[in-house]
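Below is one structure; the comments refer to it alone.
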Amino acid sequence: MTAAPRTPAGRLLSAIDAISEWTGRAVAWLTLAMVLATVAVVVLRYAAGLGLIWLQESVNWMHAAVFMLGAAYTLKADEHVRVDVFYREMSPRARAAVNLAGTLLFLLPLCAFLVVESWPWVASSWRVGERSREAGGLPMLYLLKSLIPLMAALIAAQGIAGGVRAVLALRASRPD
């Protein structure tokens with residue numbers, strides 16, 4: 001059960017879902033780019049004897065972006081890893097309660113921890129204009145590091161949307 005789209009809660013849920021959907025679909029294209037870049041790395045190295053550090057690093061950066069920016073999309077789609085032994089047998093009300101508890105007790109505190117702990121590290125990287133340690137590597141390493149608190153914020157937002165949905169489901173299935 002979700003809030004009606006005309007309500008403030010419904011508009012908030014729709015906006016969060018749209019952001020997660022957009023970022024997930026956008027970074028999915030990076031998987032194709034990763035494959036093409038990996039093929040290029042292999043062909044250039046073994047056929048032409050040429051190693052391009054920046055191209056190799058770009059594959060790692062794309063992989064990190066897919067993982068970090070796709071996490072909220074995965075949460076929205078309810079495709080994250082879960083120990084499903086008991087959950088799949090639960091009633092919709094019990095599932096909503098488990099989802100709400102998991103969000104409040106684990107997901108949101110973890111996201112807050114990630115933001116708090118990564119922020120000084122990311123800020124330091126921006127301050128010094130950090131770049132790859134490898135000669136010929138990619139500049140602007142601070143952009144990659146910035147994905148850590150961004151990932152936490154996107155997951156937290158999607159978690160809040162899931163929590164609101166769980167509360168709505170609990171209220172809707174409440175006996176009179």
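FYI, side chains are in, hydrogens and waters are out, and symmetry mates aren't considered; it's all heavy atoms of this structure.
Taken to the nearest 0.5 Å, the CG atom of Asn60 stands 10.0 Å off from the OG atom of Ser132. Note that the CH2 atom of Trp54 and the CG atom of Leu138 stand 8.0 Å from one another [nearest 0.5 Å].
Nearest heavy atoms, Gly137 versus Arg131: O-NH2, 3.8 Å. Here the shortest heavy-atom pairing between Val27 and Ala65 reads CG1-O, 4.1 Å. Listed here is the closest heavy atom pair of Ile16 and Ala161: CG2-CB, 3.8 Å.
Heavy atoms of other residues, nucleotides or ligands lying less than 6.0 angstrom from NE2 of His63 number 12 at most. No more than 12 heavy atoms of other residues, nucleotides or ligands sit less than 6.0 Å from atom CZ of Arg133.
Judged by distance alone, the side chain of Arg45 and the main-chain N or O of Leu52 form no donor-acceptor pair under 3.5 Å. No donor-acceptor distance shorter than 3.5 angstrom exists from the side chain of Ser124 to the backbone of Pro120, with no hydrogens or angles considered. Using modelled atom types, no side-chain atom of Ser125 and backbone atom of Trp121 make a donor-acceptor pair closer than 3.5 Å. Looking only at distances, no side-chain donor or acceptor of Ser14 sits under 3.5 Å from a matching main-chain atom of Arg11. No donor-acceptor distance shorter than 3.5 angstrom exists from the side chain of Ser20 to the backbone of Asp17, with no hydrogens or angles considered.
In this structure, Arg95 is positioned above the aromatic face of Tyr87, its NZ or CZ under 6.0 Å from the six-membered ring centre and within 45° of the axis.
Put simply, the side chain of Trp126 reaches to within 4.5 Å of the side chain of Leu143, judged on heavy atoms. The shortest side-chain heavy-atom distance between Val122 and Ser146 falls under the 4.5 Å cut-off. Between Val98 and Met90 there is a side-chain heavy-atom pair separated by less than 4.5 Å. Considering only heavy atoms from C-beta on, Val66 stays 4.5 Å or farther from Trp61 through its side chain.
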- request: Before giving the answer on side chain to side chain contact (heavy atoms under 4.5 Å, CB included), spell out for Arg93 and Leu170 the whole-Å C-alpha distance, their side-chain angles and the decisive distance to 0.1 Å.
  value: CA-CA 6 Å; Arg93 181 173 173 77; Leu170 288 168; 3.7 Å; yes
